[in-house]
Protein chains: 2
Amino acid sequence: MTSTPADAPGRLNPVDGLAQLSFVIQGLLERQAAAHDLTMAQVRLLGVLRDRTPTMFELSRLLGLDKSSATGLVDRAERRGLVQRAPSATDRRSVQVSLTLEGRALVSAAAARFGADATDLLGLLPPGDRESLSGLISRLLAAHAASQGIELLGTTEG
Amino acid sequence: MTSTPADAPGRLNPVDGLAQLSFVIQGLLERQAAAHDLTMAQVRLLGVLRDRTPTMFELSRLLGLDKSSATGLVDRAERRGLVQRAPSATDRRSVQVSLTLEGRALVSAAAARFGADATDLLGLLPPGDRESLSGLISRLLAAHAASQGIELLGTTEG
DNA sequence: TATTGTTATACTCTATAACTATA
DNA sequence: TATAGTTATAGAGTATAACAATA
């Protein structure tokens, strides 16, 4: 399901193409994560917190994890000084999680370097093809989001 | 780096599009893996063994893991009856790893179901777009393979 | 009673270092 | 000496179940 046995070299079947592309992209992401001493789980955590300050419960839903898994993830990130916990103003059971300045800087740096890698990859195609591909991917993602619910932006990775 | 804050809904920037698409595809893979009680690591193991009978050392290289990690991975798969170890005929230090019939059946079933999911996803696009997308992805992967070494087929996922 | 979050526990996955047995 | 593989150990990541504090 991820290998490509005896296919024609220049013409992958569509399903294998999708699978292989996803592994290439994930490889780029993991490379930059590792370069910043981050695991993919931590990258997802920091990525979600870039434009949110959720409670632990909301966070676990955003990441698709159990509450207890989120506790451990946040514990380790907090120990590294990347995120912080603060009591909720409205519910004394709740905790609000947010990025520290250091966490924000780290995720921005990693995102920038991933962006450069991805841009290099796309640069392997001639400009016309590149634009076609981007447009088609946008349309596919939009159709997929629509077919699900309306879980459009921001949490496709969870 | 994985979130999509205030972009135009219908027009993701190309880099975010690639990242989000990779998460969607990985999500499909993980869903079918879980449906067969497999982790992604086990799926990669079984996938690599579909058309190979490597030694433990070769296997660790194919998967990009340390030898000891491969030992654990194969131990657990063997305990489940999915793979088997056999002594090498030529080097008494070596071990040859292969799929059992049960392992082969399992990876085939998972691959088939992932293929159906991926086909459904592509089916969200009109036929013309679908073919264009597949062609562009093929070209991108070919260019990427060429830009690396000649690590064409079979191990893009490692 | 229901919900939020943590703790206790267990398993998978991964790596490093040390070891055994071959070569 | 060098290589193939395993074992010992440690840490990240995940889940389930039980619990405390609050609602």
Side-chain angles (χ1 to χ4, degrees), chain A residues 2 26-27 29-31 33-48 53-98 157-158, chain B residues 2 26-27 29-31 33-48 53-98 157-158:
Chain A
T2 55
Q26 292 285 314
L29 277 164
E30 277 171 37
R31 180 145 63 93
H36 295 270
D37 256 303
L38 294 170
T39 61
M40 284 300 285
Q42 297 285 329
V43 166
R44 293 214 305 144
L45 168 63
L46 301 186
V48 159
T53 302
T55 65
M56 289 300 297
F57 180 74
E58 289 164 349
L59 183 60
S60 67
R61 298 303 233 69
L62 286 165
L63 294 173
L65 299 173
D66 187 83
K67 297 177 300 172
S68 61
S69 303
T71 293
L73 204 54
V74 169
D75 281 352
R76 291 182 292 273
E78 196 173 27
R79 219 179 295 139
R80 270 188 66 180
L82 304 178
V83 308
Q84 58 202 59
R85 276 185 252 233
S88 161
T90 57
D91 186 334
R92 281 184 359 221
R93 295 171 301 179
S94 279
V95 172
Q96 227 96 34
V97 186
S98 59
E157 74 277 22
Chain B
T2 56
Q26 292 286 313
L29 278 163
E30 277 171 38
R31 179 144 64 94
H36 295 269
D37 256 303
L38 294 171
T39 62
M40 283 300 287
Q42 298 285 329
V43 167
R44 292 214 305 143
L45 169 63
L46 301 186
V48 159
T53 302
T55 65
M56 288 300 294
F57 179 74
E58 290 164 348
L59 183 59
S60 67
R61 299 301 235 70
L62 287 165
L63 295 173
L65 299 174
D66 187 85
K67 297 178 301 174
S68 63
S69 303
T71 294
L73 204 54
V74 170
D75 281 351
R76 290 183 292 271
E78 195 172 27
R79 218 179 294 141
R80 270 188 67 179
L82 304 178
V83 308
Q84 59 201 79
R85 277 185 251 233
S88 160
T90 57
D91 186 335
R92 282 183 359 221
R93 296 171 301 179
S94 277
V95 173
Q96 228 95 34
V97 186
S98 59
E157 75 279 20

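Just so we're on the same page: letters track the sequence lines, and every chain starts at 1.
Atoms CZ (B:Arg44) and C1' (C:dT12) sit 14 Å apart, rounded to a whole Å. Across the protein-nucleic acid pair, B:Arg85 atom CZ and D:dA4 atom P stand 16 Å apart, rounded to whole Å. Residue B:Asp75 contributes atom CG, which lies 12 Å from atom P of D:dA8 at whole-angstrom precision. The CD atom of A:Glu58 sits 13 Å away from the C1' atom of C:dT3 (whole-angstrom rounding). In this structure, CZ of B:Phe57 is placed 15 Å from C1' of D:dT6, rounded to the nearest angstrom.
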Polar-atom pairs under 3.5 Å, protein N or O versus N or O of nucleotides 10-13 of chain D: list them with distances, or write none.
unit_1, atom_1, unit_2, atom_2, d
D:dG13, OP1, A:Thr39, OG1, 2.0
D:dG13, OP2, A:Gln42, NE2, 3.0
D:dG13, OP2, A:Arg76, NE, 2.7
D:dG13, OP2, A:Arg76, NH2, 3.2

Pairs under 3.5 angstrom, nitrogen or oxygen only, protein versus nucleotides 18-23 of chain D, please.
unit_1, atom_1, unit_2, atom_2, d
D:dA23, OP1, A:Arg92, N, 2.9

I'd like a table of atom pairs between the protein and nucleotides 8-10 of chain C - only N or O on both sides, under 3.5 Å - with the distance next to each one.
none

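For C:dT4, neither phosphate oxygen OP1 nor OP2 lies less than 4.0 angstrom from any side-chain nitrogen or oxygen of A:Arg61. Of the side-chain N and O atoms in B:Arg80, none sit less than 4.0 angstrom from OP1 or OP2 of C:dC11.
Here A:Gln96 contributes atom CD and A:Glu58 contributes atom CD; the two are 7.0 Å apart, rounded to the nearest 0.5 Å. Taken to the nearest 0.5 Å, the CZ atom of B:Arg44 stands 6.0 Å off from the CG atom of B:Leu65. From B:Ser94, atom OG reaches atom CZ of B:Arg85 across 12.5 Å, with rounding to the nearest 0.5 Å. Taken to the nearest 0.5 Å, the CG atom of B:Leu46 stands 6.5 Å off from the CD atom of B:Gln42.
You'll find the side chain of A:Ser88 stays beyond 4.5 Å of the side chain of A:Thr55, heavy atoms only.
The side chain of B:Ser94 lies closest to D:dG5 when the candidates are D:dG5, D:dT7, C:dG5.
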(request) Any chance you could lay out the side-chain contact (heavy atoms from CB on, under 4.5 Å) test for B:Leu38 and B:Arg80, step after step, and finish with the verdict? (result) CA-CA 11 Å; B:Leu38 294 171; B:Arg80 270 188 67 179; 3.7 Å; yes

(request) Under the side-chain contact (heavy atoms from CB on, under 4.5 Å) rule, what do A:Leu45 and A:Leu59 come out as? Steps first, then yes or no, please. (result) CA-CA 8 Å; A:Leu45 168 63; A:Leu59 183 60; 3.7 Å; yes

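Within the 4.0 angstrom heavy-atom criterion, no nucleotide atom of any strand lies near A:Ser88.
Between A:Asp66 and B:Gln96, it is B:Gln96 whose nearest contact on DNA chain D lies nearer the 5' terminus.
Here the closest non-hydrogen pair linking A:Ala33 and A:Met40 is CB-SD, 4.4 Å. Contact record, A:Thr53 with A:Ser98: CG2-CB, 3.9 Å, taken as the closest heavy-atom pair.
Screening B:Val83, B:Leu73, B:Val97 for a side chain to side chain contact (heavy atoms under 4.5 Å, CB included) with B:Glu78, the sole residue that qualifies is B:Val83.
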